[in-house]
Visitor: 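So that we are looking at the same thing, I have put the structure below in structure tokens.
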Amino acid sequence: MQAIVFPPYKNCAPRPLSEIQKRILELKRKRKAVILAHNYVCEDIQLIADYVGDSLGLSREAKNASAEVIAFAGVDFMAETAKILNPEKTLVLPDRGAGCTLEELCHPSELAVFKRDYPDALVISYINCSAAVKAQSDIICTSGNALDIVRQIPQDKRIIFCPDKHLGSWINEQTGRNMILWNGYCWAHTQYKADELLRLKEAFPGAPLVCHPECPREVRSTAECVCSTEKMISFCRDFPGDKIIIATVVEMIHRLQREIPDKTFIAATASGRLSQHCKNMRMNTPEKLLACLEKLEPRIELDSAQMDAARAPIERMLEMSR
Ligand code: 13P
């Protein structure tokens, strides 16, 4: 079976904080820092973070953070977004090498050339892109607000959507648009196979399948719910049954378990894999989080003109999202 079964959290023995977790919390107080963590980072970090959430929630938290230091457990585009929204803060990331396939697949110079073919088009970029790509975009979106944002754009306006072709095709399907799609994808979400997921559903009759919109269309078509990581929490909470299949990065299950302790979560995996993971998110270890709070390095530093150019489309996203 291509899955890992996580039993209801209420049946799991509580774990005391480890030495390293205690040291991180101590140092966090000393540094007057806040720890923001994405839903995909390891459980040990999620448990001591001040906020755990999706890209949209993290952007809002970062913008409003009053702490002197933001320690961002996530990947570089998320930490860069936080810095752009709150540039006075010291922004540290446990591993500066934690990137994103989507970001790698959309080089700013290629986007600049691509845009020349569609001079009247609006550029909406998924937040999973570099600051330089954001700076060339009109509006940023996340998977949590993409539909909402695209629906606010007049029907006759041409849109270039980059860099995720799968998220883009999902938006096209849901809104009836015909956006021009950049040819990027997320490694982790494109590993799933529709036939394996259908077999998994047969093994757990009645359990709905929830997947992220970064999954390809054939995979999405097997799902009862396609949504952002934050919306997975509300879908699973509201679903009346007690078993749910999740097709996204496996660490998502930790938050689902904590917030919905009476349900069983089945984490789908793709053939040949022990678990569905994101190698970049896995670079966030408690040891590296401790070290970055100790040294206040590695830091996110960006050119201020580029930050100004990238801030406008991010702020537009925040204004346009409910
Ligand atoms: P969410 O905003 O839904 O958490 O997605 C982030 C992401 O990078 C998914 O791969």
Side-chain angles (χ1 to χ4, degrees), residues 36-42 45-46 49 51-63 72-82 85 93 98-106 124-130 133-134 139-150 161-171 174 184-192 210-216 219-220 223 225-236 246-256 259 267-270 275-284 314 317-318 321-322:
L36 305 184
H38 188 265
N39 289 320
Y40 290 165
V41 301
C42 66
I45 293 181
Q46 290 194 24
Y51 178 83
V52 184
D54 71 348
S55 305
L56 180 60
L58 286 163
S59 304
R60 288 183 174 134
E61 286 293 315
K63 182 178 155 85
F72 205 113
V75 292
D76 62 354
F77 75 81
M78 296 177 178
E80 284 181 4
T81 305
L85 286 169
L93 179 69
C100 171
T101 338
L102 278 161
E103 179 183 349
E104 282 164 29
L105 291 173
C106 186
I124 302 187
S125 295
Y126 186 29
I127 198 164
N128 299 37
C129 65
S130 63
V133 165
K134 288 185 175 77
I139 312 172
I140 299 303
C141 72
T142 72
S143 57
N145 60 18
L147 296 179
D148 206 17
I149 286 180
V150 170
F161 186 82
C162 80
D164 190 347
K165 62 178 172 185
H166 299 302
L167 175 65
S169 71
W170 178 68
I171 301 168
Q174 299 297 310
Y185 57 86
C186 158
W187 180 84
H189 288 99
T190 48
Q191 301 302 301
Y192 291 110
V210 180
C211 82
H212 198 274
E214 289 177 13
C215 291
V219 168
R220 295 196 307 266
C225 175
V226 180
C227 63
S228 68
T229 59
E230 197 59 43
K231 290 188 185 160
M232 288 183 188
I233 305 276
S234 49
F235 175 86
C236 294
I246 306 291
T248 194
V249 171
V250 65
E251 281 80 6
M252 180 68 215
I253 306 289
H254 303 308
R255 201 176 141 212
L256 285 164
E259 297 196 18
T269 55
S275 67
Q276 210 59 29
H277 67 274
C278 167
K279 72 175 170 53
N280 294 298
M281 288 287 182
R282 283 213 172 159
M283 291 183 187
N284 290 276
I314 305 173
M317 162 184 90
L318 295 175
S321 358
R322 279 180 238 133

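Each ligand, and each atom within it, is numbered from 1 in the order the structure gives. Quantities reported herein were computed from a predicted structural model and do not represent experimental measurements.
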Visitor: If I apply the N/O under 3.5 Å rule, does Thr142 come out as touching ligand 1?
Guide: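 Such a contact does not occur with ligand 1.
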
Visitor: Nearest 0.5 Å please: distance from the OG atom of Ser55 over to the CZ atom of Arg60.
Guide: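 These two atoms lie 11.5 Å from each other.
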
Visitor: Give yes if a backbone or side-chain nitrogen or oxygen of Glu214 is under 3.5 Å from a nitrogen or oxygen of ligand 1, and no if not.
Guide: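 For ligand 1, there is an N or O atom that lies under 3.5 Å from one belonging to Glu214.
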
Visitor: I want to know if ligand 1 touches Ser228 in the polar sense, i.e. an N/O pair below 3.5 angstrom.
Guide: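 No, since none of the N or O atoms of Ser228 sits under 3.5 Å from an N or O of ligand 1.
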
Visitor: Could you grab the distance from atom NE2 of His38 to atom CD1 of Ile45, nearest 0.5 Å is fine?
Guide: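 Reported to 0.5 Å precision, the distance equals 13.5 Å.
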
Visitor: What atoms of ligand 1 come closer than 4.0 angstrom to any heavy atom of Asp54?
Guide: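 Result: 1 (P), 2 (O), 4 (O).
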
Visitor: Determine whether any heavy atom of Ser143 lies closer than 4.0 Å to an atom of ligand 1.
Guide: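 Within the 4.0 Å threshold, so yes.
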
Visitor: Please confirm whether His189 comes under 4.0 Å of ligand 1, counting heavy atoms of the residue only.
Guide: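 Judged by the 4.0 Å heavy-atom criterion, His189 does count as contacting ligand 1.
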
Visitor: Does one side chain, of Thr248 or Tyr40, offer a donor that lies under 3.5 Å from an acceptor on the other?
Guide: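 There is such a pair (donor and acceptor under 3.5 Å, judged by atom type) between the side chains of Thr248 and Tyr40.
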
Visitor: Regarding ligand 1, does His212 bring an N or O atom to under 3.5 Å of one of the ligand's N or O atoms?
Guide: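 Such a contact does occur with ligand 1.
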
Visitor: Mind checking the CE-SG spacing from Met281 to Cys100? Nearest 0.5 Å is all I need.
Guide: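 Answer rounded to 0.5 Å: 8.0 Å.
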
Visitor: Could you establish whether Asn39 and ligand 1 come within less than 4.0 Å of each other, counting only heavy atoms on the residue side?
Guide: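 Contact absent.
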
Visitor: Could you identify the single nearest non-hydrogen protein atom to atom 8 (O) of ligand 1 and state the distance to 0.1 Å?
Guide: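 Answer, as residue, atom name and distance: Asn128 ND2, 3.0 Å.
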
Visitor: For Val219 and Tyr192, which heavy atoms make the closest approach, and how far apart are they?
Guide: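 Minimum heavy-atom separation between Val219 and Tyr192: CG2-O, 3.6 Å.
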
Visitor: Purely on distance, is any nitrogen or oxygen of His38 under 3.5 Å from one on ligand 1?
Guide: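 So ligand 1 has an N or O lying under 3.5 Å from an N or O of His38.
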
Visitor: Please state which protein non-hydrogen atom is closest to atom 4 (O) of ligand 1 and give its distance, to 0.1 Å?
Guide: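 Nearest protein contact, heavy atoms only, for atom 4 (O) of ligand 1 is Thr229 OG1, 2.5 Å.
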
Visitor: Where do Ile149 and Ile139 come nearest, in terms of heavy atoms and distance?
Guide: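 For Ile149 versus Ile139, the nearest heavy atoms are CG2-CG2, 3.9 Å.
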
Visitor: So, Thr229 and Arg255: side-chain donor and acceptor under 3.5 Å apart, yes or no?
Guide: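 There is no such pair (donor and acceptor under 3.5 Å, judged by atom type) between the side chains of Thr229 and Arg255.
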
Visitor: Please round to the nearest 0.5 Å and tell me the distance separating atom CG of Asp164 and atom CD1 of Ile127.
Guide: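 Rounded to the nearest 0.5 Å, the CG-CD1 separation comes out at 13.5 Å.
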
